[in-house]
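Reading through the C-alpha cells given below for one structure.
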2 protein chains.
Amino acid sequence: MVTDSEVPADGTIQLLWGLRDGPTRGPKPVLSLERIAQAAVDIADAEGLAAVSMQRVAADLDFTKMSLYRYVTGKDELVAAMIDLAAGDPPVVAELPGRTWRPRIEAWVRLLGEAWDAHPWLPWVTMGDRVMGPNETGWTEASAAILAETGLSVPERMALARMLGGHVRATMSVSTAGTQPWVSRRQAALLEEHADRFPVLVTMLRDGEPDPPDNGREFGLRLILDGVERLIAERTS
Amino acid sequence: MVTDSEVPADGTIQLLWGLRDGPTRGPKPVLSLERIAQAAVDIADAEGLAAVSMQRVAADLDFTKMSLYRYVTGKDELVAAMIDLAAGDPPVVAELPGRTWRPRIEAWVRLLGEAWDAHPWLPWVTMGDRVMGPNETGWTEASAAILAETGLSVPERMALARMLGGHVRATMSVSTAGTQPWVSRRQAALLEEHADRFPVLVTMLRDGEPDPPDNGREFGLRLILDGVERLIAERTS
DNA sequence: AGCCAACTGTGTCCTATAGATACTGTTTCC
DNA sequence: GGAAACAGTATCTATAGGACACAGTTGGCT
C-alpha cells in the first residue's frame, strides 16, 4: 500500500479501462474485479477505509486473501478500482437543468457532492498523482463541457473544474478539511484558555452563529462562480 | 497509525499545547519532543511520508524505537507534532502588506502556500477531525483577523478561511488534487484512445495552452476574492 | 479422445509496521 | 540513604501486504 504520492503503474490503467486481456484456458474465474471492488467499497462505506484489508475483503467474499491477487496486482489497484466504482456514472450534461453554464455547473457540483458524500473515504484515497478511471474521467468531461461556454482559456477552465472538485471534497459532511466546522468542543475550550493569544477567534467563537449544515458548500460555490462571472464580464467589455 | 478519521485523544492536545507536566524525579530526558518531531519532519520532507516510521525516526536520532514512546503515546501524536512544527510560525497581521483585507488575505494565502509547499506531505496528514496546534491556530487567527474587516458573518468568514486553506492545499506544487495539472502523459494517451467518449477533453488537450506553473493558485484566489467583493458590494448597497 | 499448457484458488512463508510489557539503570525527594 | 519515579532498552506480539509453490481445473491442439 502506497501512502505517498507515486506514479501509478501501467497495469492499473489497463485494469481501470478494461484493457486486461482475459485468459482463454484454465478454470472459470469465480470472482471478478467488480465483485471485489464492490465488497471493498461496502466495507469502506460501513466501517471506514481502515477496515479495508485484503484479508477482510477476501473474507467477506468467502475467499482467501491471495485469491484477490489474481484480479488485482496489489492493494493500490484495488483502491483505484474502488474509486472509480464509488465515483459512479457521471451526469449527462444535456439533462442538467438550466440553459447557461452557471446553473449547470451548480447542478454538477451538487451531484458530485451527493456522490462523494456517500463515500466519505474518497478524499483520503484520491490524493496525489493518479490515473483517473472512466467514471472519474466522465465527471471531468461533463464539467469541461459545461465550462466550455464560459469562454475561459483551457487551463483556466481546468483549474476551475479542479477547484470545484476540491471544494466538494473540502465541504464533505465528514469534515475532510484541515480545520473543523469550524471548531470542535475541545478546540473551543482550548481557545478560551488561550484567549490572549487568539482574541479574534475567541470573540468569533463567543458571538458567532452556528455553522450552516452544508459546511459552506453553497456559500463557497457562490463565491467562486461570482468570481467567474466577474472575470467573464471584464473580458467581454 | 490511524488512516481513518478519528477524534483525537486528550493526550494529543496536551502534547501540542505543552500541557504535559514534566516529571521531577528520574533520569534527565536526553531526547525531546522537538527533536523527535524535527527528525520526523526532515525524513518526510526528504523521502516522503511513507519513510516516516518509528523505527526510522529513532534510528536517525540514534535511539531505539521504543524510546520515542516516552515522549509520544503513538504515531498519531508524532504526526500531530510534525504538523504543527511544519506549519511554522504564523505571520503577524500588522506586518502584512496593504491596508485593506484583500491584499492582506492574498499575502496570507501566499505565505501559507510557501509554508506548505516546503512540506508536500502535509495534505495527507491534515485530513479528518483533528485538534489544531498553536501554530496552526495562529494561522487561523491571522486569517480571521484579516477577514473581520469584510463584514461577513462569522460562519461565512470561517468558511472562507477554510476555503482558502483548502485552495492552497489543492494547488500545491506536488499535485494533491484528485486530477492532474491537468493531465499526465498516460492520461492524455488514454483520452486520445477514447476520443469518442470524451470529445471535449480531447479537444482541450489538443489545442490547450500549457498549465500555469502555480497550478492555478493565483487564478483561483482571484476568483474567490472577486466573489467576496461582489458579495460585500451587494450587501452594502 | 487425450494430453499439455494455461489458468484459478489455496497454503505457507517472509518482511515491515505499530505497539505492549518487563527489564536495567539513573535521578531526586523524603 | 533508601525508595519511588523516571529514561531508555530488549523482547515479543499482532496485523498488514505480498512472494511463491502447489493442487486442481479447463480449453486448445494433435
Side-chain angles (χ1 to χ4, degrees), chain A residues 1-4 6 8-9 11-12 15 20-37 39-40 43-44 47-82 121 124-125, chain B residues 1-4 6 8-9 11-12 15 20-36 39-40 43-44 47-82 124-125:
Chain A
M1 178 65 169
V2 175
T3 44
D4 225 327
E6 192 157 303
T12 305
L15 181 91
R20 212 94 105 189
D21 16 335
T24 50
R25 306 195 238 186
K28 304 285 183 198
V30 185
L31 273 170
S32 70
L33 176 61
E34 288 70 31
R35 279 184 64 196
I36 294 173
I43 295 171
E47 301 171 44
L49 199 61
V52 178
S53 69
M54 294 290 165
Q55 191 79 254
R56 176 61 196 284
V57 174
D60 278 23
L61 292 164
D62 274 311
F63 282 83
T64 60
K65 177 183 64 167
M66 290 315 293
S67 67
L68 305 186
Y69 288 92
R70 290 283 168 195
Y71 301 85
V72 153
T73 62
K75 193 170 180 184
D76 291 326
E77 275 197 9
L78 172 58
V79 171
M82 288 173 69
W121 45 272
W124 272 266
V125 115
Chain B
M1 179 64 173
V2 174
T3 44
D4 225 327
E6 193 156 302
T12 305
L15 180 90
R20 210 94 105 191
D21 15 335
T24 50
R25 306 194 238 188
K28 304 284 182 198
V30 185
L31 273 170
S32 71
L33 175 61
E34 288 70 30
R35 280 184 63 196
I36 295 172
I43 296 170
E47 301 171 43
L49 199 61
V52 177
S53 70
M54 293 290 165
Q55 192 81 253
R56 176 63 194 281
V57 174
D60 278 22
L61 291 164
D62 274 311
F63 281 83
T64 59
K65 176 183 64 167
M66 291 314 292
S67 66
L68 304 186
Y69 288 91
R70 291 282 169 195
Y71 301 84
V72 151
T73 62
K75 192 169 179 183
D76 291 325
E77 275 197 9
L78 172 57
V79 171
M82 288 174 68
W124 273 266
V125 115

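Numbers restart at 1 for each chain; the letters A, B, ... are given by sequence-line order, proteins then strands. Excluded from the calculations below are hydrogen atoms, water molecules and symmetry mates; all remaining heavy atoms, backbone and side chain alike, are included.
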Decide yes or no for [X] and [Y]: does some side-chain heavy atom of the first lie under 4.5 Å from some side-chain heavy atom of the second?
| X | Y | value |
| --- | --- | --- |
| A:I43 | A:V57 | yes |
| A:M82 | A:V125 | no |
| A:L78 | A:M54 | yes |
| A:V52 | A:W121 | no |

Given 3.5 Å as the limit, does a donor-acceptor pair link the side chain of A:Y71 with the main chain of A:L31, or not?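 Between the backbone of A:L31 and the side chain of A:Y71 there is a qualifying donor-acceptor contact (under 3.5 Å).
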Where protein sits on nucleotides 3-13 of chain C, one letter per nucleotide: B base, S sugar-phosphate only, - none, heavy atoms under 4.0 Å: --BBBBBBBB-
To the nearest Å, give me how far apart [atom1] ([X]) and [atom2] ([N]) are.
| X | N | atom1 | atom2 | result |
| --- | --- | --- | --- | --- |
| B:L61 | D:dA7 | CG | C1' | 15 Å |
| B:L78 | C:dG19 | CG | P | 10 Å |
| B:Y69 | D:dA10 | OH | P | 16 Å |
| B:D76 | C:dA18 | CG | P | 11 Å |
| A:M54 | C:dC14 | CE | C1' | 17 Å |

Kindly give the heavy-atom pair with the smallest separation between A:S53 and A:K75, and that separation in Å.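 Here A:S53 and A:K75 meet closest at CA-NZ, 4.3 Å.
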